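Inspection log for the structure reproduced underneath, given as structure tokens.
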Amino acid sequence: MILPYRLMGVVNVTPDSFSDGGSFLDADAAIAHARTLVAEGADILDVGGESTRPGAEPVSTDEELRRVLPVLDGIAAVNWTPAHPQVSIDTSKAAVARAAIEAGAGIVNDVSALRADPAMVELLADSGAECCLMHMLGEPRTMQRDPRYGDVVDEVKAFLEERLSFAVHAGVREERIMLDPGIGFGKTVAHNLTLLRRLGELTALGRPLVVGTSRKSFIGRVLADAAGEAEPVELARRLPGTIATNVLALERGASVFRVHDVAPVREALAVAAATLGERWTARSAATTQTS
Ligand code: HH2
């Protein structure tokens, strides 16, 4: 059944990702993890070879390629039944994206929204790959140092509108573009919560919305505040908050959910969608699939 939303499972081939760094650095472990995510119901596999956690140091193109290519090749070689998942490459480098597309990736998830590498937009226009353009204030190394906005939703919306227009004018087909408010990327806890509360305002941009709240530290901080604890609660306790935020994002119009824990989020979204009614359960691809 084609639902009006898709689950994007995270395959981090990095030593330093904030929640699972080092777990899938070995290509075989990453490919096995990809199979598990698809068995749990992932529609898209988002493969990344560079952590974008706050404070992360950039990695070279060669190192990123060395990490992701064997995994992409391995995913391409699997005899997926009943259907091959879509493959997304989480990168801001055109050379990595180009090699990934050649290895079967159909989506480029660029957290810099085409600002990091001038060659990226041309690659997208020429290849016809789908893309996700995400908002980030600053860059990973420094983005959590006192981020400030006038109105966070208005500013994120204006940024995404400008990036969408930039991409379309450079020849990327609008129907191939998804947008993402970039939860946790240069945002305080309050900014993240406001963006999620008012996510519906971003649907006016007319493109599918991707959200990535999975296991992020704002969830740990909300829970710590509620429990009177000083430190953000640990990763293992962030699944209920991940589910809550994804369910609310579904209700507010998000249609692609980037998560580490596919099975529980998929089940939560299925029940939420059934409760919300026909618009969320219709067997149509119109609101989520790019074409
Ligand atoms: N979040 C992360 C990475 N890529 N891409 C999109 N489109 N949206 C997100 O919210 C997003 C993203 C961070 O999560 P993770 O990959 O688990 O961590 P790390 O960057 O440390 O590898």
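Both counts, for ligands and for their atoms, begin at 1 and track the order of listing. Reckoned from all heavy atoms, side chains included, excluding hydrogens, waters and symmetry mates. Quick caveat: nothing in here was measured; it's all calculated off a predicted structure.
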Part of Asp90 with heavy atoms under 4.0 Å of ligand 1, whether side chain, backbone, both or neither: side chain

Side-chain donor/acceptor of Arg6 to backbone N/O of Asp43, under 3.5 Å: no

Heteroatom distance test (Ser19, ligand 1): nitrogen or oxygen, under 3.5 angstrom: no

Heavy atom of Lys216, distance to ligand 1 below 4.0 Å: yes

Atom indices of ligand 1, in the order listed, that fall short of 4.0 Å to a heavy atom of Arg53: 20 (O), 21 (O)

Residue and atom name of the nearest protein heavy atom (relative to atom 21 (O) of ligand 1), distance in Å to one decimal: Ser51 OG, 2.7 Å

Residue His260 vicinity, atoms of ligand 1 by number, heavy atom under 4.0 Å: 17 (O)

Over all atoms of both residues, closest heavy-atom pair of Ala56 and Ser51: CB-O, 3.5 Å

Min N/O separation Phe18 to ligand 1 under 3.5 Å: yes

Glu130 side chain vs Arg176 backbone, donor-acceptor pair below 3.5 Å: no

Side-chain donor-acceptor pair present, Thr36, His33, cut-off under 3.5 Å: no

Ligand 1 atoms in contact with Thr52 (distance to a heavy atom under 4.0 Å): 2 (C), 3 (C), 13 (C), 19 (P), 20 (O), 21 (O)

CZ (Arg198) with more than 12 external heavy atoms under 6.0 Å: yes

Residue Val111 vicinity, atoms of ligand 1 by number, heavy atom under 4.0 Å: 4 (N), 5 (N), 12 (C)

Non-hydrogen atoms of Phe18 and Leu235 that approach each other most closely: O-CD1, 3.7 Å

Closest protein heavy atom (residue, atom, distance) for atom 2 (C) of ligand 1: Arg258 NH1, 3.3 Å

Ligand 1 atoms in contact with Cys132 (distance to a heavy atom under 4.0 Å): 7 (N)

Geometric N/O contact Asn12 with ligand 1, under 3.5 angstrom: yes

For atom 7 (N) of ligand 1, the option (of Leu179, Asp180, Val10, Ile107) bearing the nearest heavy atom: Asp180

Nearest-contact summary for atom 5 (N) of ligand 1 - protein heavy atom, Å: Asn109 ND2, 3.0 Å

Atoms of ligand 1 close to Gly212 [distance to a heavy atom under 4.0 angstrom, numbered from 1]: 10 (O)

Ring-face cation of Arg221 near Phe218 (centre distance under 6.0 Å, axis angle within 45°): no

Other residues, nucleotides, ligands: >12 heavy atoms within 6.0 Å of Glu122 CD: no

Region of Ser17 that comes within reach of ligand 1 [heavy atoms, distance under 4.0 Å]: both

Taking every non-hydrogen atom, the tightest pair across Ala30 and Val13: CB-CG2, 4.3 Å

The single option from Arg53, Arg215, Lys216 passing side-chain hydrogen bond (donor to acceptor under 3.5 Å, both in side chains) against Ser19: Arg215

